[in-house]
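One structure is given here, and the rest of the page talks about it.
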Protein chains: 2
Amino acid sequence: METGGRAGGRVTLATVASALGVSRATVSNAYNHPERLSPRLRSRVLRTAGELGYAGPDPLAATLSRGRVNALGLVYEDPMSFAFSDPAAVLFLQGVSEVCEREDLALVLISGGPGSAVARVALVDGVICYCDIPVDGKLAAIVERGLPFVVVDGPQVPGAGHVGIEDRAGAAAAARHLIDLGHTRLGVVALPLVDDEWEGTADLDRQDRARYRASRERLLGYQDAVGAAGLGWSAVPVEERSPYGRDAGRRAAAALLARRPRPTALLAMSDELALGAMAAAADAGLSVPGDVAIVGFDDVPAAADAHPALTTVRQPHREKGRRAAELLLRRGSPGPAGDEHRLPVELVVRASTGPPPGR
Amino acid sequence: METGGRAGGRVTLATVASALGVSRATVSNAYNHPERLSPRLRSRVLRTAGELGYAGPDPLAATLSRGRVNALGLVYEDPMSFAFSDPAAVLFLQGVSEVCEREDLALVLISGGPGSAVARVALVDGVICYCDIPVDGKLAAIVERGLPFVVVDGPQVPGAGHVGIEDRAGAAAAARHLIDLGHTRLGVVALPLVDDEWEGTADLDRQDRARYRASRERLLGYQDAVGAAGLGWSAVPVEERSPYGRDAGRRAAAALLARRPRPTALLAMSDELALGAMAAAADAGLSVPGDVAIVGFDDVPAAADAHPALTTVRQPHREKGRRAAELLLRRGSPGPAGDEHRLPVELVVRASTGPPPGR
DNA sequence: GGCGACTACTAAACCGGTTCAAAGACGGCG
DNA sequence: CGCCGTCTTTGAACCGGTTTAGTAGTCGCC
């Protein structure tokens, strides 16, 4: 299908140049450096180009010489449609896109993780990995390509920028809050610890093998608080479901709430999981926080709108997105200083937590 | 900052070739056409490449020769962060991204509309315009570039694909539903009609100038039903607020509900607007549907979760996204057949509508 | 009238690959 | 032994521009 070209081959800069009897450099200049051209010739060039149906320098070819694509990649591990249904990811995307707009950059969404076929060939100046990078084993395509990149929430990778939050401290604050309220029987609604789609109660061994950095750190945070309170960590059930959405939280919480003695408080590793847990409590005819207290992690908008409003650990999702994008843009300039950002979190106490029943 | 290159210039295919004393074609073949090479030489090439720190053919250069970028652009008119907070847009994005993943394509988000600087240079094989294209006046950069493109919900553009829904029929069904229930005093909570950020009651003249195709069609649909019922359209106030989010709905509805006599039913052009209108009703101490009936448009997930659940016009957002992407991929093959898709809508009656008070 | 400074434009190298026709090596076959 | 087909590998053109060094031509000035 004809998309602008002429029958006898495509109209290129050279076509225009020879039609006018000028050099290609001149035509190029007419578009990119008007001041290097007499106004008269420039307008002749532009007019002829118009008549020939020349749409201006091909951005791809221009990019090849200039070396800059003006696009920023965002790598996600799961299908992108998951990202769009995860409110935390959406907030993060908003932060990234704000910077892209300000800098006139396109935002290239790359799914399938840093080793995918798309990641191998995507035309970008740099990449934000909104996922874990497998530090062990085979390197990711992104790394191999030598593209500047920033890892968000994942592990620190040599040579890459990093943006994260105080996962461990935040999780500890959440657990401490429950413990301070008097809870002693806790349960954890966990994000996936390993990318094997496994479901069940994660024992200490599996907890130890946790691959996802955020999951691991939050688990450690809970553990810190439980340990500090003199409660035994091994008595705290950690329920893992896959994938990481609201339904997973519902199912994990259902399992926890079916235990006897029943936990009086649930620590959810994300708000989506927590909201699922609230649904599970309702399913079981339990009141929140009367029968069971629930605390989330993220503070997405839905947390404040929930009934009861969700106690959670607030993290600055949009800011994380902005920082990641800005960090990536600064890459290329010297000085590894400021290549790591660890953003603070804050416990937000709302209505979903209270003292345990009978206290 | 060094990102993979050597001090003495970047490592290219030519570097590897001369290091081995073979031609560049051979090195290229080692990556792209292994079968054209003796296994022995191929492994030599790959090994040397590894030693030299060559990351494989540069995708950008490869693209230039091959002519295909393997990326699909999505143009949005407002800031992308708006798109991410619009549930309908998010569903649409999910549909598009599903196809991208299946086809191993990157999804390039382009904000600022089809004439923006980013649209002018974005490296994509084709573009989906999730926004109106200004058919009059200056052509969009996308059109000028001769890229294949598909317009969604917008006007039909010669040479472009098109995906839309039965806006007019859907809107008419919504209005008819209210009229059948006995409502005679209606009000419209409108999406922006013109891109001038104007706010107020849109008179017939402004309604006539409505630039956004979906807004215009829905307005016509309402008008169809009102006219068919023998009610006067000019008596129906159309409140316009900007931008198009929940807060706009709340403010527009507040203005409508402050009128005397008060409308007994509100037609909202989107679910977000309708949800805002429900908030406005609550603000005014009115019950829904007891004092005022509300019907939306879109059927986003939040519509079913609302209290009361929202009566609305369902449209297949994800399917629209999938269709748009697939249509774009098919472009380039002959036959304009099937270049236009108009998807059906369906009135979904829930709890937010009922008979007018005192009837 | 000669010198230097500008201005306007061009030639050629370069960006980093892909591709295709053709050349060379090699083995099989009559 | 000579001819031919097959398998490897290569040279050169090509993708569509950008850029830098340099060349005419013009002007001002002493």
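By convention in this document, chain letters (A, B, ...) are assigned in the order of the sequence lines, proteins followed by strands, and residues within each chain are numbered from 1.
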Donor-acceptor pair between B/S111 and A/E101 side chains, under 3.5 angstrom: yes

Among C/dT18, C/dC15, D/dG17, the one nearest A/T12 by side-chain distance: D/dG17

Nucleotide nearest A/D58 (side chain, heavy atoms from C-beta), chosen from D/dG17, C/dG17, D/dT10: D/dG17

Pair B/E103 + B/R322, salt bridge at N-O below 4.0 Å: no

side-chain N/O A/S65 vs C/dC15 OP1/OP2, d < 4.0 Å: no

Any donor-acceptor N/O pair under 3.5 Å between C/dG17 base and B/R24 side chain: yes

Sugar-phosphate, base or nothing in reach of B/V27, heavy atoms under 4.0 Å: nothing

Nearest-Å distance for atom pair CG/P, residues B/L60 and C/dT18: 12 Å

Atom pair distance, as rounded to whole Å: CZ in A/R40 and C1' in C/dC9: 15 Å

Distance, rounded to the nearest Å, where B/L13 contributes CG and D/dG11 contributes P: 14 Å

Nearest-Å distance for atom pair CZ/C1', residues B/R44 and D/dT8: 13 Å

Pairing of A/R211 and A/D195 as salt bridge, 4.0 angstrom limit: yes

Phosphate-side-chain proximity, A/R66 and D/dT18, N/O vs OP1/OP2 below 4.0 Å: yes

Per A/S23 side chain, nearest of listed nucleotides C/dG17, C/dC20, C/dA11: C/dA11

Length of the line joining B/R36:CZ and C/dT19:P, which is rounded to integer Å: 7 Å

Residue-phosphate contact under 4.0 Å: A/S38 side-chain N/O, C/dT7 OP1/OP2: no

Electrostatic pair A/E326:A/R102 at N-O distance under 4.0 angstrom: yes

B/H33 side-chain N/O to C/dT19 phosphate OP1/OP2 under 4.0 Å: yes

Atom-to-atom span, CG of B/L64 to P of D/dT18 - whole angstrom: 12 Å

Phosphate contact (D/dT9 OP1 or OP2) by B/N29 side-chain N/O below 4.0 Å: no

Sugar-phosphate only, base, or nothing, as touched by B/L41 at under 4.0 Å among non-hydrogen atoms: sugar-phosphate

Parallel, tilted or perpendicular, as decided by the 30° and 60° cut-offs, for the rings of A/Y31 and A/Y54: perpendicular

Phosphate-side-chain proximity, B/Y31 and C/dG16, N/O vs OP1/OP2 below 4.0 Å: no

Chi angles and distances behind the salt bridge (charged side-chain N to carboxylate O under 4.0 Å, His left out) call for A/D104, B/R120: CA-CA 11 Å; A/D104 273 348; B/R120 207 171 296 278; over 6 Å; no

Nucleotide C/dT19, atom P - distance to CG of B/N32 in whole Å: 7 Å

Phosphate OP1/OP2 of D/dG17: any A/S28 side-chain N/O under 4.0 Å: no

Presence of A/T26 side-chain N/O under 4.0 Å of C/dT10 phosphate oxygens OP1/OP2: yes

Atom pair distance, as rounded to whole Å: CG in B/L20 and C1' in D/dT10: 14 Å

B/R10 side chain near C/dG16 phosphate (N/O to OP1/OP2, under 4.0 Å): yes

